[in-house]
Amino acid sequence: GAAVTGSGDGTIDNSNNGSNSVFSSVTSTGGGGAGSWNGHDGLSGGSGGGASTGRSGGAGTANQGYSGGDAAGTSSAIYTSGGGGGAGAVGVDGTTSKAGNGGVGVASTITGSSVTRAGGGGGGMYRGNNDAASSMQGLGGTGGGGNGAVTNSQTEAYSETSGTANTGGGGGGHGGFSTTSGAGGSGVVIVRYSTADATISVGAGLTSSSATDGSDTVVTFTAGTGTV
């Protein structure tokens, strides 16, 4: 299945939800893990994980993200998966001809420019002795989602990709049972305030950058835990 919105790793048989991004009392819930290999529901999270063959996508969280896509049952040794849910739309259901695309993310102009984040990861597909084509890939949702893989019994024809760092985009699902999917992209916390009205002190343990947009200061936190 597709790895989904939020960063998180999983084993071959089990997927993990992404970690939360937290600022003060505001928590953005990590994305739900995908349904692993065959016959597993996607996990619930900020956005839901895509399902693996014959199962249902995980639920998203209200006002944060949408559900993952469902997956069709096995046919002619073809195993498919649904796309991970995005912040702006549900993941697309996977069929035996194409794995599901990840749901799109949501655009924000908090930095002064429009940036789309939190796109779902595309689903992976295994095709047995059947042919494999790029058109069968589950594509990552706009907003940092990674593409899923397409494999058959001979080769991994098209590889999965990880979600884009600092977007919370989901990683693309792998197409086989012997390796793991792409990693989800790390999250981000962005604070914007009037430069004339306030200053902030960034504590040790936090990785951040600061920029000015008009009369405002924009501070972007990309990693760590600490006090502001």
Side-chain angles (χ1 to χ4, degrees), residues 2-10 16-33 43-49 58-68 83-91 102-121 140-146 161-172 182-228:
V4 295
T5 306
S7 60
D9 297 319
N16 295 327
N17 284 13
S19 301
N20 297 344
S21 293
V22 180
F23 182 79
S24 186
S25 61
V26 179
T27 299
S28 295
T29 306
L43 302 181
S44 298
S47 294
T61 299
N63 301 315
Q64 294 193 34
Y66 288 81
S67 299
V90 299
V104 299
V106 169
S108 167
T109 58
I110 189 172
T111 61
S113 300
S114 181
V115 178
T116 302
R117 303 179 181 87
T142 302
T161 59
S162 295
T164 304
N166 305 134
T167 67
S186 54
V188 66
V189 172
I190 302 172
V191 178
R192 182 180 179 119
Y193 59 91
S194 172
T195 305
D197 294 341
T199 60
I200 65 172
S201 176
V202 177
L206 290 168
T207 301
S208 67
S209 61
S210 181
T212 300
D213 181 47
S215 60
D216 292 343
T217 297
V218 180
V219 182
T220 300
F221 300 90
T222 55
T225 300
T227 301
V228 176

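Computed from a predicted structure; not experimentally measured.
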Participant: Where do Asp216 and Ser194 come nearest, in terms of heavy atoms and distance?
Facilitator: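 Looking at all heavy atoms of both residues, the closest pair is OD1-CA, 3.4 Å.
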Participant: What closest approach, in Å, do Ala59 and Ser67 show between heavy atoms, and which atom pair accounts for it?
Facilitator: CA-OG, 3.7 Å
Participant: Taking the side chain from Ser114 and the backbone from Thr109, do they hold a donor-acceptor pair closer than 3.5 Å?
Facilitator: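 No, Ser114 side chain to Thr109 backbone: no donor-acceptor pair under 3.5 Å.
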Participant: Is the backbone of Ser215 close enough, under 3.5 Å, to the side chain of Thr195 for a donor and an acceptor to pair up by distance?
Facilitator: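 Such a contact is found between Thr195 side chain and Ser215 backbone.
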Participant: Testing the basics here: between Ala198 and Tyr193, what is the closest heavy-atom pair and its distance to 0.1 Å?
Facilitator: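 Nearest heavy atoms, Ala198 then Tyr193: O-CE1, 3.3 Å.
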Participant: Can you tell me if Ser162 uses its side chain to pair, donor with acceptor, with the backbone of Ala183 under 3.5 Å?
Facilitator: yes
Participant: Closest approach of Gly85 and Ser47, non-hydrogen atoms and distance?
Facilitator: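 Shortest heavy-atom separation between Gly85 and Ser47 comes out as O-CB, 3.2 Å.
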Participant: Between OG of Ser108 and CZ of Arg192, what distance do you get to the nearest 0.5 Å?
Facilitator: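 Nearest 0.5 Å value for the OG-CZ distance: 9.5 Å.
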Participant: Let me confirm one number: the CZ-CG distance from Arg117 to Asn166, rounded to the nearest 0.5 Å.
Facilitator: 9.0 Å
Participant: Please report the interatomic distance OG(Ser208) to CD1(Ile190), rounded to the nearest 0.5 Å.
Facilitator: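 Here the interatomic distance stands at 12.0 Å.
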Participant: Does a side-chain heavy-atom distance below 4.5 Å link Thr217 with Ser210?
Facilitator: yes
Participant: Which atom names give the shortest non-hydrogen contact between Ser21 and Val189, and what distance separates them?
Facilitator: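 So the minimum-distance heavy-atom pair works out to CB-CG2, 4.3 Å.
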Participant: Taking the side chain as every heavy atom from C-beta outward, state whether Leu206 and Val228 have any atom pair closer than 4.5 Å.
Facilitator: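 Yes, close enough: below the 4.5 Å cut-off.
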Participant: With heavy-atom distances below 4.5 Å as the criterion, would you say the side chains of Thr111 and Asp213 are in contact?
Facilitator: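 No, every pair of side-chain atoms sits at 4.5 Å or beyond.
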